[in-house]
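What follows is one structure encoded as structure tokens, with my remarks underneath.
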Amino acid sequence: MSIQTLIEAKVKEGFLTLYNIEIPTVEFQATRKDFEGDITVVVFPLLRYKKGNPVQIGEDLGKFLVENVTEITNYNVVKGFLNLVINDSFYTNFFNQITKNSSYGFITPSADDSSRMVEYSSPNTNKPLHLGHVRNVLLGYSVAEILKASGKKVYKTQIINDRGIHICKSMLAWEKFGNGETPENTGLKGDKLVGNYYVKFDQEYKKEIAILVATGVSEENAKKQAPLFIEAQEMLRKWEAGDEQVVSLWKEMNSWVYKGFDVTYKSIGVDFDKLYYESNTYLLGKDVIDEGLKSGVFFKKEDGSVWCDLTEDGLDEKLVLRSDGTAVYMTQDIGTAIQRSKDMPDVGGMVYTVGNEQDYHFKVLFLILKKLGYSWAEQLHHLSYGMVDLPSGKMKSREGTVVDADDLMDEMTNTARTISQELGKLEGYSNEEKEELYRIIGLGALKYFILKVDPKKRILFDPKASVDFQGNTGPFIQYTYARIQSILRKANFDYSKEIAIDLHEKEKELIKQLELYPEIIQQAAKNYSPAVIANYTYELVKEFNSFYQNVHILGEENQDKKVFRVQLSKKVADTIKSAFNLLGIQVPERM
């Protein structure tokens, strides 16, 4: 039991004993550095249940806790804050309980618990993954790992957008201008090759529009009349009709892209349990519309189109089937969600990692699924995130101004290489070891820079700032982990036995930080926010560095203290590694 859980129960008991009043919750915060204490009860919220002077209520509770909780040795009240002093034995006992627990902070899911599905990435097959996808996959993968750590069974999935006019644009451009280029004969990754033809289509399409505009056609009409656009539409019609030649080209070019995606996913360190393809799902949901019409969830307009009236819920009327009977994206998403619940019957909720421009879409989707009566629809979450900007401005795929995910990872490795060489601390490393270290540092810098920010916030990404070895960065945390590994390699004595000592202030602060880890995982899971894990890890590392600078570890003369401090250092390193695993970040043994 954590000290906070224990104190909360005793504060409730004290309130009942002292005032004959039951209180539902107790608010805590860390004790400010300038006051004595380890944990603080905030008295002000209790005034809702008991009118009076907050200082006097704090005094009453403080006395009760000291008399009834052996772990509390003293207290002081500052205005409406009750600061409690916890004895050393609680923290040493707690530390001895967790020191050999390799899964500290994690909860094993129960066999009968429902699982969660987390969708992320979901790329188009007409271009490589870019910087925007990087934030998406890092968020989705990390949230999946955090949910697992919090006690949920998790399925990682994506839906690959492999059909539509944008896919046909790449196919048509390759057919017209490709001269038989393949990944094999060009040496290009397949997704890059196909992406080049998406850009080529846009370039040639703009030329045709310009020619038409020069003859007096309005720009709006020129976009519709351009021969390339008409041909792309015809290609899509043929694909939907199952034209053998078009479908064959579609399969071949998509296979190039999938191989390219696999390389990128492996490089960035993410994976999936199940894949869905839009070509298999775009007709899903139409039968659900029929059922919803019968039950009154949907209604039909005079032109035959089908809608869902959400005005009573503060939204608008939403089209779910066109008048010609064709599906819209909402139809497909309804059908896909239901299909997933059938494919994975134990799924009790789904998390969709999609940019914030789709906020309204997911409000509507979740509400419609609730109206259709699916119990799991109560557990749907849109993991909405802001854009990633670069100093050069917004990216546009069709104009070829995106930052390619592979190029970004290479740039991060190169930046790490440059900075590491400037620091000059790699004596004794082989070239292979150096290159692996540059990759770990560079990718760690990229992932941490993105994940330490609340998902809802927009990011201005600065590669060089992310590889700084000082401050709230991945490399700073990785360096601290490596420093601890160096301490452990030099500890040529047995440090496995349990030790009970009078704690140094810095030891106590470090154990208090470690004690927070299980709750931090639960908080991150509840908020679908890797930033909670990232910033906790930074605070833990800052606390360790303060400890490292203020006490002797291997230089300590008292053997029990030395053993305890090595144990404490190791547990900090284990927790850094555990937390960084949840973020998908590796830690190096040496730096």
Side-chain angles (χ1 to χ4, degrees), residues 122-128 158-182 190-209 211-212 217 219-258 260-261 275-286 289 304-306 319-336 339 358 361 396-400 402:
S122 304
N124 297 327
T125 57
N126 62 334
K127 56 194 174 187
Q158 63 172 327
I159 182 162
I160 298 169
N161 302 301
D162 63 343
R163 63 166 288 278
I165 189 70
H166 49 298
I167 309 300
C168 290
K169 287 176 181 179
S170 295
M171 290 165 58
L172 183 63
W174 182 87
E175 209 174 47
K176 284 183 168 294
F177 312 112
N179 298 314
E181 282 194 346
T182 66
D191 52 340
K192 293 185 193 295
L193 179 66
V194 172
N196 289 344
Y197 285 101
Y198 184 58
V199 174
K200 180 67 174 173
F201 178 94
D202 191 63
Q203 291 168 345
E204 298 300 323
Y205 178 44
K206 282 178 177 173
K207 289 178 188 175
E208 291 184 350
I209 292 169
I211 291 168
L212 287 168
V217 179
E219 186 174 351
E220 187 179 345
N221 286 332
K223 287 178 179 178
K224 297 173 185 173
Q225 294 172 19
L228 266 178
F229 181 69
I230 292 170
E231 285 185 77
Q233 285 184 309
E234 176 60 15
M235 182 175 270
L236 177 60
R237 188 195 65 74
K238 285 182 176 179
W239 180 89
E240 289 181 347
D243 181 277
E244 192 174 318
Q245 188 176 340
V246 170
V247 170
S248 176
L249 176 62
W250 171 77
K251 285 180 178 177
E252 183 175 24
M253 290 182 71
N254 274 351
S255 74
W256 298 346
V257 174
Y258 299 144
F261 284 170
L275 305 181
Y276 287 84
Y277 298 87
E278 190 182 338
S279 54
N280 295 330
T281 65
Y282 79 107
L283 297 177
L284 288 175
K286 292 177 75 171
I289 304 303
S305 59
V306 180
L319 176 70
V320 293
L321 207 63
R322 295 189 186 98
S323 56
D324 62 2
T326 56
V328 292
Y329 269 114
M330 185 60 69
T331 329
Q332 177 183 317
D333 283 352
I334 292 167
T336 303
Q339 185 61 48
Q358 295 293 328
H361 175 87
K396 294 180 181 175
S397 296
R398 64 180 177 275
E399 294 178 12
V402 299

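Side chains are part of it too, since the values below use all heavy atoms of this structure and drop only hydrogens, waters and symmetry mates.
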Partner set under side-chain hydrogen bond (donor to acceptor under 3.5 Å, both in side chains) for S279, not counting sequence neighbours: D162
Does Y282 have any ring pair (Phe, Tyr, Trp, His ring centres under 6.0 Å) partners at least two apart in sequence or in another chain, and if so, which? W239
Scan for side chain to side chain donor-acceptor pair (under 3.5 Å) pairs involving residues 220-234, sequence neighbours excluded, and state none if there are none. K176-E231, S218-N221, E234-R237
Return the CZ to CD distance between F177 and Q203, rounded to the nearest 0.5 Å. 9.5 Å
So, does D191 use its side chain to make a donor-acceptor pair with the main chain of T125 at under 3.5 Å? no
Check side-chain hydrogen bond (donor to acceptor under 3.5 Å, both in side chains) between S305 and all other residues, then give those that pass, not counting sequence neighbours. D303, W307
Under the ring pair (Phe, Tyr, Trp, His ring centres under 6.0 Å) test, residues paired with Y277 that sit two or more places apart: Y258
Taking all non-hydrogen atoms of both residues, which atom of T182 and which atom of W256 are closest, and how far apart? CG2-CZ2, 3.9 Å
Any heavy-atom pair between the side chains of I159 and T281 that's under 4.5 Å? yes
For Q339 and L284, indicate whether the former's side chain and the latter's backbone hold a donor-acceptor pair under 3.5 Å. no
If you look at every heavy atom in I209 and A226, which pair is closest and at what distance? CG1-CB, 4.4 Å
Identify, with sequence neighbours excluded, every residue that meets side-chain hydrogen bond (donor to acceptor under 3.5 Å, both in side chains) alongside K286. none
Write out all pairs satisfying side chain to side chain donor-acceptor pair (under 3.5 Å) with one or both partners inside residues 322-334, taking only residues at least two apart or from two chains. R322-T326, D324-T326, D333-H361
Find the distance between CD (E240) and CG (L283) and round it off to the nearest 0.5 Å. 8.5 Å
Contacts of type salt bridge (charged side-chain N to carboxylate O under 4.0 Å, His left out), residue K251, not counting sequence neighbours: none
Going by side-chain hydrogen bond (donor to acceptor under 3.5 Å, both in side chains), name the residues that satisfy it together with N126, two or more places apart in sequence or in a different chain. none
Any side-chain heavy atom of I334 sitting closer than 4.5 Å to one from M330? yes
Please name all residues satisfying salt bridge (charged side-chain N to carboxylate O under 4.0 Å, His left out) with E278, sequence neighbours left out, ordered by chain then number. R163
Output, in order, the C-alpha distance, side-chain angles, deciding distance and verdict of side-chain contact (heavy atoms from CB on, under 4.5 Å) for K127 and V194. CA-CA 6 Å; K127 56 194 174 187; V194 172; over 6 Å; no
Quick one: side chains of residues 166-175, donor-acceptor pairs under 3.5 Å with protein atoms, not counting sequence neighbours, listed by atom name and distance.
{"from": "W174", "atom 1": "NE1", "to": "E181", "atom 2": "O", "distance (Å)": "2.8"}

